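Worksheet: the structure to be examined is printed underneath.
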Amino acid sequence: MSNTALYFVLTALPLMILMIWSANRIRTAAEFYATGREYGGLRNGLAITGDYLSAASLLGITGLILFSGYSGLLYAVGFFSGWPIILILLADKLRTIGHFTLADVLKSRFSDPRIVLVATLGYFPVVVIYLSAQLVAMTWLLNYIFGVKYEIVLAGLTGVALVTALTGRMIFSSRAQMIKAGLVMILMLVLTMLAFDRVSSSLSELFSIDIWFASNPPVNGAVSEDSPLALFSLGIALILGPVGLPHVMSRFFSVADERRARMSVFYATGMIGIFYILIILLGFLTVHLLGQPEASVTAAGSNLVLVRLAELIGGEFLAAVLVAILVVVLFSVMTSLILTGSSAFSHDWYARTVIGGSKRWNERHLHRLASSVTVVFAASLALLWQTENVANLVGLAFAFSASVNVPLLLGALYCDRLTSAGALSGGLAGLSATLIAVITGPLIWGNLSGSGESFFSWRHPALFSLSVAVLVMWFVSRWYHPSRREGDSDK
Amino acid sequence: MPSHLNFSQNSNAKEYRAKLLIHPEYQRLRVRIRQYRASVAVVLLTCYLSFLFVFVSFPQVLLQPVSAQNPTPWLIPAAIMLILFQFLVTGVYVKQMNTVFDDELERIRQDVEV
């Protein structure tokens, strides 16, 4: 066993044991929502931070700042900015009307149960793509440590994920999330300070544009490989997307009263803000210390830039500790995604919407089926996307939630004129538009064809698909009134 | 479930809730809260969207150095200020909701109970 692998095991093993030891055995979504109830604002804020801090954005954004410069900054700002918007537009409002999930809101507003099904189907690609981003990141990290081929590590991880999906409904408790948040923040501070020590230039020269663009000079004056509209589309997906993450939204409702819920979001906002500012700093430190991206190109694409930085400044020990903590973080996000994502299907939709006698399936079996299908899809995508930047993949997941779940949720809460038919057709239109744009886009079509050519040229279709969804919602609500006797729009 | 609407299904509670809902001050407060929330949301969205607009349309503006001595492009302070500003607005919002509006709600509730 190499030294790196030894350090990795020595850090990861006790961490995992600590996490599992502090985990609660949770059987239902309701129990999951209730885990944090005994906590006050600060502690729950730390738990929310633990949920939201994604290793994918830490690894992805630092890589993007080094490799493609400009757009990495948009990710850092966008991932953060979605956060206060959720608090103000959604969390408070949802608490006031006493509904905790998207399915609850839609059911109370519309009589047509198919709308809940559409929203549930909208969750599916979000969870699958978000999960595949975690898998890509985890696979590269383990590949770095053990030197085993990507495909083999991925197969092993898929097996672990399937076991989690089929048997354990274990999820990391609030306490584990707090430990996680604390560890990641401390680690980032240590990395930043050590890297600062190595950089000879002053703070003002750190961000110097000449050094930044020396490694990736703008082609024809274009600072990003995406067109301006495609970048704008990405910006829209980033700010609206977090609403569609089931495992993040659920944390809002795990606090006992409104006052503490708001305080916990306030603390979480502060910590998440520091997290993203540190990511920007670390990104520029890698520009200085790792230099030319050509020199840093590995099979892992731009995903392991931070690990290489850690190796440079702290040797294999620091790199192994970083990887160990990140793997534990990614693993915990993976388990909570699998649980909450498939319970949106089996619990929120099937058990509570498909009524009484027509139930042919056992809810628990359906839950297992849904989670296994999710894992298999995510693993196939992770195989396809091994060289993609993981922040890009998270952005893609956000595009789905911004085009399906967000218009449904905001429409149901704030737009009285939205009818059942409008919501149903708009939700379906948003979902199909996103699916078509993604499948024919650079990330799937471009990757499969090998040439990088694709019908739909934007990597992030949110602007297009959100417009389709909203237009269809408006048009159908305005012009299609088959019969008013169902009386569904006036609840 | 918010504390002021959270009670069991007995008739007392229903009566209390009905009284609260038609209380003129309660209705006025709800309108004020809605307006306050809307204005904060508009401020946050405007900031983010204008940053986004400049970011995608005029990158050369954001890539200009801060000063002759300092080669940092404006993009960096702009991004960091935006994050800090949004955090600040969240803080103001939470303070307003948790102190001013919650206190008034409490007062109205006691008013209804008497």
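Because the structure is a prediction, the values reported are computed rather than measured. Throughout, protein chains are lettered first and strands after them, A, B, ... in sequence-line order, and every chain is numbered starting at 1.
At a heavy-atom separation below 4.5 angstrom, chain B is approached by A/Gly273, A/Tyr276, A/Ile277 within residues 272-279 of chain A.
Side-chain contact check for A/Ile88 versus B/Met97: every heavy-atom pair is 4.5 Å or farther apart.
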Review point. B/Tyr48 and A/Val77: side-chain contact (heavy atoms from CB on, under 4.5 Å), yes or no, with the steps?
Key: CA-CA 9 Å; B/Tyr48 178 73; A/Val77 175; 4.2 Å; yes
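Both the backbone and the side chain of B/Ile83 come within less than 4.5 Å of a heavy atom of chain A. Using a 4.5 Å cut-off between heavy atoms, B/Leu84 touches chain A through its side chain atoms alone. Looking at A/Ile236, both its backbone and its side chain come within 4.5 Å of chain B, counting heavy atoms on both sides. The parts of B/Thr72 that come within reach of chain A are both its backbone and its side chain, each placing non-hydrogen atoms under 4.5 angstrom from that chain.
Rounding to the nearest 0.5 Å places CD1 of A/Ile280 at 5.5 Å from CD1 of B/Ile80. Considering OH of B/Tyr93 and CZ of A/Phe266, their distance stands at 13.5 Å, rounded to 0.5 Å. Taking CD1 of B/Ile76 as the reference point, atom CG of A/Leu73 lies at 4.5 Å (rounded to 0.5 Å). Once rounded to the nearest 0.5 Å, the distance linking CE of A/Met263 with NZ of B/Lys95 reads 10.0 Å. We find the CD-CD1 distance between B/Gln86 and A/Ile85 to be 7.0 Å, quoted to the nearest 0.5 Å. Note that CZ of B/Phe55 is 6.5 Å distant from OG of A/Ser71, once rounded to the nearest 0.5 Å.
Partners of B/Phe101 according to the ring-ring contact (aromatic ring centres under 6.0 Å, His included) rule, which considers only residues two or more places apart in sequence or in another chain, are B/Tyr36. B/Arg28 pairs by the salt bridge (charged side-chain N to carboxylate O under 4.0 Å, His left out) definition with nothing, not counting sequence neighbours. By the side chain to side chain donor-acceptor pair (under 3.5 Å) test, A/Thr49 pairs with no residue at all, sequence neighbours left out.
When each of A/Ser81, A/Gly270, A/Gly78 is checked for heavy-atom pairs under 4.5 Å with chain B, A/Ser81 comes out on top. For chain A, the option among B/Leu88, B/Val94, B/Leu52, B/Thr90 with the highest count of heavy-atom pairs below 4.5 Å is B/Leu52.
For A/Phe232 and B/Phe53, the gap between ring centers reaches or exceeds 6.0 Å.
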